[in-house]
Amino acid sequence: MASRQYLSGAQKRKLKFKKDEQLNKLKGLLDNFIKPQLPDSETSHENLNTKFVKDNNTNCECESIESVAQVVDTEVNEYRTDKVHFNENIIDSNIKRSILAYGPCRPNIAFPSSAHGDGNTYKFSSYFYSMTLKSGIKVQRFWLCYSVGLNVAYCETYWLYANRQYSYYNTAWINGVDDWRHLTFKIDKHEKSIQHIDAGKIRYNWEKNFTIDKVTEKQYSDEATYWREILTRIIKVILLLTAGNTALRGHEHKNNDGLTTSEDYKMNEMNDQQEMINNVQGWNTMPSHDIMIPVPIKIQPPLGMLDQNNIQMNNSSPHPSVIHTSPQTPHGLPINTFIEPELPLELLQQGWKKFWSKRENRPYFWNKLTGESLWEFPPLRQFDVISDPLGITSDGQHNGINPMFLKKRPAEEIVLGPAIKKMILTGPWELEIPTNVVIFERSPSMMSQPHPDIELYRGNLVAKLRQCYQELCQSRENINAPKESFNRWLIERKVVDTGSDPLLPSHCYPEVSLRMYNEIMNDIPLRLAKPKYTADARKQLSIYAEAAKNLIESRNTLQESRKVVKWNTEDTLQWLRKTVGATYVDFQERLNHLKMQCQPHIAQTVKESVEGICSKVYHLSVEYTRKIKEKNSELLIAQGITEMVPAPAVLTLHKVWCYPVQFVTPAPRLPPVEYMADKEQTYVRYNGERLLINTVYLQKLEQLYRYSCYEDKKMENFMARVWCLLKRYSVFCSNSPDTQVSVPVPILESLHRNFGVTFECFASPLNCYFRQYCSAFPDTDAYFGSRGSILDLNAVSGSFVVNPPIHCDDLIDATLNHIDRLLSESSDPLSFIIFLVDGESTFVQKLDTSQFKRRQVVIPAYEHYYRHGFQYSVPKTDVNIRSPTSTLVVWLQNNAGCQRWSPSEDRVEALLEAFRPGRERDRDRQELLSPTQNPLLGPPPLPL
């Protein structure tokens, strides 16, 4: 008889008994060396409360939590960190630190019971607060909390520190779990999840105060303290020398007290050690009382029409029919109006200029010829400060007659005032090119001017709406939201929207977006992608067939539709099981055939559900718009500003030069915004929200701000408006740069040189090349030169470049219709050069039938570049991206525009040469070898 190949039941029980004995021997073994003192939940909670109340630095955080918890009943109020007192997503770091200081909500009470589907009742138990290891050691689960107000168990660590941008982000342990029957299984699964582990790491860094902001802030604080001490010493030396009427000499000498200069300075420094101020913050605040060098306001040069060779025409007006009314900028100063100088002409001839001191908050006067600075109004000298600086040859009589001959002034200075030197800022732009665009005068905008608090509130609501769209797609159709679908929905809705909010749609018809509906429908039951290998094609076909079969079986639909889909899917699965050695093409053809047969029936089945998703997102957008408007009205009322009624429409159509958007409602007072420069990048922060921008682009925004915003001469609101601008585009793009890609600089240079282009129809202050452009958000961009939306621009003449965002069919169609109307109504020179993706067959056919089409060329794919949509924040080496699609360039011109800027062979060849890869590197190399000279002199010194 053969021997037994496996253990009997008695042998197995004996082995199990031996293992249990060994484990029992190990229990409590560590207690001989370590005495674990695990605090009781109530005791630890009480100790943390006592410690937190004693801390004077966290009184504000206590008040924030207690103010939130006043609305809850007394029983729930006993547990101050209960989740019921707070929102789902806590952004304020002070509240997070307060919750950590109070301790977790782990009550030990009589927990309520809840009935289950099997007829039994289950409830939470304090047993789950801890776990017992195999060695018998009891370990506390400090992350597990119980909400008395909601009767759910939740993870405090995951609630406070979860990465909500994670692709597999789940809100189960944030909203709470009440499945008491399977709670043990759910706890074990959550403890092993990557999201919980990552959240625990972040919480550890928070408790140890290892945040990136803290380390960075300390580094900049040490550097700022070092240089502040050096400047303090220099200032003390200068003040000491001026107090003793001592010159800055190269050797030591004795003063009136018999001490040398260095000894005297050391004694003064020892006496003033208690007066030195050490600011540990590395952030600068705008506005502040630091010494700032004032910069005079730049007056725009005379504007005129340019011919095809970029030479200014002699005629004073390009069109005799234009009524000469100066258009107003957003804040009231006419573009071509000369500002009367604040000093007499004689003082200007003697070199005096007037500046503003932010340190003393009053004006001062500086002479650029002698370097003299005065607080008082400078006296009128009757002698030449160059040939006779002491006035020896003057008779000393001031009879009101100036014997000094005035220099001959140019004719244009008589009309436009004395010429003022300009600051030329080099970079991938050309802000000094004047416009040749003439438009009809328009009414001011009724939009509210931006405010950081409103912009932060709008950003939170948009992020919440974006997350809601993702959850609706997952819960109703078991798919992820289509990539960039939400961004395209915002663009498509704003074409037909007549609401008041600049970002969220609130008044559209129809309510269901056809664009969003089609994008969701294309991903049901599975998002298809072009496979790379044959095995991937086979796998995709199998998954699609299974998904279509499961969907049609789980929905209420027509019997005929269910029968057709099931028959086709089962036939495909059977073909996959039997077929061996099928090629890549076979699998793709089978997939296309299956989709053609099943997709109409699937679309009919899920039609109501998809329409519900689109309608839900739109109605939430309307609700959020109402909340934003109410909050903005409260802000204006608090500052004593009344909202203006809509302005009457302009009845007389005056032709004027294009000018930035104007506002009817006054600008509210803006809070200070912090900024910190870090080599090539600058961080702008408000209320804990930190945004990044390259320093050279911040200088570009400052230049545009000086050109377009005349109300803020002291630049007090500049940083606040820059933060609003960056926040708006950050919320709109949401890590998707495709909607902000721009044309490379060599191409724009060629367009300006050969076709007189001076205006961009789709740009932003961050990626524009010219200082006149149209953008998506007039309220935040108007301070930096935006002319509003292209759909609202009634152009009469000029040369434009049109580069719309890709895959935005509704916007492109509306733009082409608007351009066709402008060309048909204008008899003045008007030209539009349009850049489109060559795959847009619908628009290609529409352009072919246009009567204004003059020429078109196609740039092959991967043979040209575009500029990155986030070029203002990415490194310079990552700005240029190769285009994966062909680009179609079309010239639409009326007769006068074609006669002036005709697309001749030599001009088109020059444009094609600019498309060649590497042209931008050649331009940067040339600029490096021969940089543009800055005509500005050094900053004038302030008077002591």
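Computation of the quantities below employed the complete heavy-atom set of this structure, encompassing side-chain atoms and omitting hydrogens, waters and symmetry-equivalent molecules.
- Judged by distance alone, the side chains of Tyr705 and Asp712 do bring a donor and an acceptor atom under 3.5 Å apart.
- Side-chain atoms of Asp82 come within 3.5 Å of backbone N or O of Gly149 as a donor-acceptor pair.
- Under the 6.0 Å distance and 45° angle rule, Arg466 does not count as a cation-pi partner of Phe486.
- Checked by atom type, the side-chain pair Tyr773/Asn767 shows no donor-acceptor distance below 3.5 Å.
- A donor-acceptor distance shorter than 3.5 angstrom exists from the side chain of Arg787 to the backbone of Gly785, with no hydrogens or angles considered.
- In terms of modelled atom types and a separation under 3.5 Å, the side chain of Ser621 and the main chain of Pro505 share a donor-acceptor contact.
- In this structure, Phe784 CZ and Glu702 CD are separated by 10.5 Å, a value rounded to the nearest 0.5 Å.
- For the atom pair CD1 (Ile806) and CG (Leu811), the distance works out to 12.5 Å, reported to the nearest 0.5 Å.
- Side chain of Glu643 to main chain of Thr665: no donor-acceptor pair is present (N/O by atom type, distance under 3.5 Å, no hydrogens or angles).
- Side-chain contact between Gln699 and Thr695: present, with at least one pair of heavy atoms (C-beta onward) separated by less than 4.5 Å.
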- Do Ser448 and Asn632 pass the side chain to side chain donor-acceptor pair (under 3.5 Å) test, and can you show the C-alpha distance, the side-chain angles, and the key distance before you say yes or no? CA-CA 8 Å; Ser448 299; Asn632 186 70; 3.0 Å; yes
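- Cation-pi geometry between Arg690 and Tyr683 is met: the NZ or CZ atom falls under 6.0 Å from the ring centre, inside 45° of the normal.
- In this structure, Tyr769 contributes its side chain and Ala763 its backbone to no donor-acceptor pair below 3.5 Å.
- The shortest side-chain heavy-atom distance between Thr171 and Glu88 falls under the 4.5 Å cut-off.
- Counting only distance, with no hydrogens or angles, the side chain of Gln639 and the backbone of Arg669 share a donor-acceptor pair below 3.5 Å.
- Residues Phe86 and Asp92 are not in side-chain contact: their nearest non-hydrogen atoms beyond the backbone lie 4.5 Å or more apart.
- With hydrogens and angles ignored, the 3.5 Å screen pairs no side-chain donor or acceptor of Asp781 with any backbone N or O of Leu725.
- The environment of CG in Asn735 is sparse: at most 12 heavy-atom neighbours from other residues, nucleotides or ligands sit within 6.0 Å.
- Aromatic ring centres of Phe732 and Phe777 lie closer together than 6.0 Å.
- The two atoms that bring Thr739 and Ser736 nearest to each other are OG1-O, 3.9 Å, heavy atoms only.
- Under 4.0 Å is where a charged nitrogen must lie from a carboxylate oxygen, and between Lys627 and Glu630 no such pair does.
- Asp779 and Gln449 share no side-chain donor-acceptor pair at under 3.5 Å.
- Of all heavy-atom pairs between Leu503 and Val731, the closest is CD2-CG1, 4.0 Å.
- Taking each heavy atom of Glu484 and Asp738 in turn, the nearest pair found is OE2-OD2, 2.9 Å.
- Lys700 places a side-chain N or O within donor-acceptor distance of the main-chain N or O of Cys768, the cut-off being under 3.5 Å.
- Of the possible donor and acceptor atoms, one in the side chain of Asp497 sits under 3.5 Å from a partner among the backbone N and O of His507.
- Contact annotation: the side chain of His451 approaches that of Leu670 to within less than 4.5 Å [non-hydrogen atoms, C-beta and beyond].
- A 4.5 Å side-chain heavy-atom check between Ser513 and Tyr618 finds every atom pair outside the cut-off.
- Note: Phe870 and His868 have tilted aromatic rings, judged against thresholds of 30 and 60 degrees for the angle between ring planes.
- Both the sub-6.0 Å distance and the 45° axial angle are not jointly satisfied by Arg706 relative to the ring of Phe718.
- Between Arg458 and Asp501, some side-chain heavy-atom pair lies under the 4.5 Å cut-off.
- The two residues Asn794 and His818 have their closest heavy-atom pair at OD1-CE1, 4.3 Å.
- With Tyr102 as the aromatic partner, Arg80 does not meet the cation-pi criteria of under 6.0 angstrom to the ring centre and within 45 degrees of the ring axis.
- Checking Gln470 against Asn480 by side-chain atom types alone, a donor-acceptor pair falls below 3.5 Å.
- A perpendicular orientation is assigned to the rings of Trp159 and Tyr154, their planes being inclined by more than 60° (bins at 30° and 60°).
- For the residue pair Ser764 / Ser775, no side-chain donor-acceptor distance below 3.5 Å is found, with atom types taken as modelled.
- A donor-acceptor contact shorter than 3.5 Å links the side chain of Asn522 to the backbone of Asn518.
- A salt bridge is defined here as a Lys NZ or Arg NE, NH1 or NH2 lying under 4.0 Å from an Asp or Glu carboxylate O, and Glu623 with Arg626 meets this definition.
- Minimum interatomic distance between Ala667 and Ile641 (heavy atoms only, all atoms of both residues): O-CD1, 3.9 Å.
- Using a 4.5 Å cut-off on side-chain heavy atoms (C-beta onward), Arg721 and Cys709 make contact.
- Ring pair Trp723/Tyr686: centre-to-centre distance below 6.0 Å.
- Of the charged side-chain nitrogens involved, at least one lies within less than 4.0 Å of a carboxylate oxygen, so that Glu519 and Arg488 count as a salt-bridged pair.
- Atom-to-atom distance recorded for Leu461:CG and Leu504:CG is 7.5 Å, nearest 0.5 angstrom.
- Of all non-hydrogen atoms in Gly788 and Val661, the two that sit nearest each other are N-CG2, 3.4 Å.
- Considering only heavy atoms from C-beta on, Lys629 stays 4.5 Å or farther from Ser506 through its side chain.
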